[in-house]
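Inspection log for the structure reproduced underneath, given as structure tokens.
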Amino acid sequence: MKTTLRVFVGIDATSSIRSSANRSLSKLRRNFPEVAWSDDSLFHVTVKFLGDVALEDLNDVISALRAACKEVAPFQLTFQGFGVFPNVSRPRVVWIGVDDPDGGAVELAERVDLELSDLGFPPTDNYRPHLTVGRIKSKTSAPTSLAVELEKEKDALFGSVIVDYVTLYSSERNEAGKLVYAPLAEIELGDPDEDMDELVDSFGFEEETKSPKKDSAPQSPIPNAVKLDFAALDADLDEELRALCGDKFVDDSKRKKKR
């Protein structure tokens with residue numbers, strides 16, 4: 001029986017970003033088969049890789065992630081261009097660039113590091129958000145033309161996304177040897193209830209007290225309310241129309257019934 005899971009915290013790429021990226025990747029996949037290109041179903045931005053985690057520790061991990069995510073407001077990421085790690089002359093990983101204009105992804109990674117440090121997970125050094133799309137096997141030399149092709153796509157824009165949750169994933173290979181990710185938990189960013197309290201306070205609203213449904217009707221008339229007698233209005237309208245139209249006036253009884 002399995003006692004551990006290989007897990008990581010990630011930000012999903014939307015279907016539109018996957019589709020847009022695939023249009024640029026289709027040519028690269030054809031021209032550079034020596035690169036192990038990722039399936040687009042696996043596209044994500046890693047926040048933190050945790051490695052093998054004991055099943056009995058998963059609840060503690062999720063609690064730590066909730067504490068971290070509560071401190072980070074939703075933020076925007078933009079996916080644009082290609083790049084490689086560690087460098088162009090010796091590429092091993094091909095990635096799509098991720099612009100983090102407000103620093104939300106970096107702040108999230110730092111918060112996650114802080115909360116998980118109490119559980120013994122080491123911090124991530126020099127976190128830089130990116131979306132991995134391919135890996136070059138260590139025994140294979142990357143063709144020099146790969147860097148040239150990637151440079152042509154440096155300004156390709158694949159889309160933006162508002163990040164309002166992260167996912168804790170398990171990573172394993174199925175019976176066919178294909179890598180698959182399974183979501184274990186989705187954790188929302190920010191604290192909606194707290195944000196609402198601040199908004200209400202800023203407008204000087206009084207806290208609403210909920211009453212049982214049977215007592216929900218007003219106990220006293222609304223001040224300055226005007227009660228309209230639709231039957232009387234109909235009668236007055238009929239008189240005016242009769243005076244204007246004379247014998248051509250037709251009494252529309254259906255209108256009165258609708259009233």
Less than 4.0 Å between a side-chain N and a carboxylate O, is that true for Lys2 and Glu172?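 Yes, Glu172 and Lys2 are salt-bridged.
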
Minimal non-hydrogen separation, [X] against [Y], with atom names:
X: Leu114; Y: Ser117; value: O-OG, 2.6 Å
X: Leu157; Y: Phe79; value: CD1-O, 3.6 Å
X: Leu25; Y: Trp37; value: CD2-CZ3, 4.0 Å
X: Arg29; Y: Ser38; value: NH2-O, 3.0 Å
X: Ser171; Y: Leu179; value: OG-CD1, 3.4 Å
X: Leu119; Y: Ala64; value: CD1-CB, 4.2 Å

[Y] and [X], any side-chain heavy atoms less than 4.5 Å apart:
X: Phe82; Y: Val133; value: yes
X: Val166; Y: Leu108; value: yes
X: Phe32; Y: Val94; value: no
X: Asp100; Y: Tyr127; value: no
X: Ile136; Y: Leu146; value: yes
X: Leu28; Y: Leu150; value: yes

Distance in Å, [X] [atom1] paired with [Y] [atom2], rounded so as to fall on 0.5 Å steps:
X: Asp40; Y: Ile17; atom1: CG; atom2: CD1; value: 12.0 Å
X: Asp52; Y: Thr3; atom1: CG; atom2: OG1; value: 9.0 Å
X: Leu58; Y: Leu65; atom1: CG; atom2: CG; value: 10.5 Å
X: Tyr165; Y: Ile11; atom1: OH; atom2: CD1; value: 10.0 Å
X: Leu189; Y: Lys70; atom1: CG; atom2: NZ; value: 13.5 Å
X: Glu56; Y: Thr4; atom1: CD; atom2: OG1; value: 9.5 Å

Could you go step by step and tell me if Asp113 and Lys48 meet the side-chain contact (heavy atoms from CB on, under 4.5 Å) rule? CA-CA 8 Å; Asp113 268 348; Lys48 186 173 183 63; 2.7 Å; yes

Donor-acceptor check, side chain of [X] to backbone of [Y], threshold 3.5 angstrom: yes or no?
X: Arg18; Y: Ala13; answer: yes
X: Asp102; Y: Gly104; answer: no
X: Ser26; Y: Arg23; answer: yes
X: Ser63; Y: Asn59; answer: yes

Start with the C-alpha gap between Leu168 and Val61, add the side-chain angles, then the distance that decides, and say whether side-chain contact (heavy atoms from CB on, under 4.5 Å) holds. CA-CA 9 Å; Leu168 179 66; Val61 168; 4.2 Å; yes

Do [X] and [Y] belong together in a cluster built from hydrophobic side chains that touch within less than 4.5 Å?
X: Leu50; Y: Leu55; answer: yes
X: Ile162; Y: Val9; answer: no
X: Val93; Y: Leu131; answer: no
X: Val106; Y: Leu116; answer: yes

For a side-chain contact (heavy atoms from CB on, under 4.5 Å) check, start with the C-alpha distance between Phe49 and Thr124, then their side-chain angles and the critical distance, and finish with the verdict. CA-CA 9 Å; Phe49 179 73; Thr124 303; over 6 Å; no

Just jot down the side-chain hydrogen bond (donor to acceptor under 3.5 Å, both in side chains) partners of Glu71, sequence neighbours excluded, or say none.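 Per chain and number, Glu71 pairs via side-chain hydrogen bond (donor to acceptor under 3.5 Å, both in side chains) with no residue.
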
Parallel, tilted or perpendicular: rings of Tyr169 and His44 (30°, 60°):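 Ring orientation, 0 to 90° scale: tilted.
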
Specify whether Trp95 and Phe85 have parallel, tilted or perpendicular ring planes, treating 30° as the upper limit for parallel and 60° as the lower limit for perpendicular.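 If you compare the ring of Trp95 with that of Phe85, the planes turn out tilted.
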
What's the verdict on side-chain contact (heavy atoms from CB on, under 4.5 Å) for Val53 and Phe121, showing C-alpha distance, side-chain angles and the deciding distance? CA-CA 10 Å; Val53 176; Phe121 294 96; 3.9 Å; yes

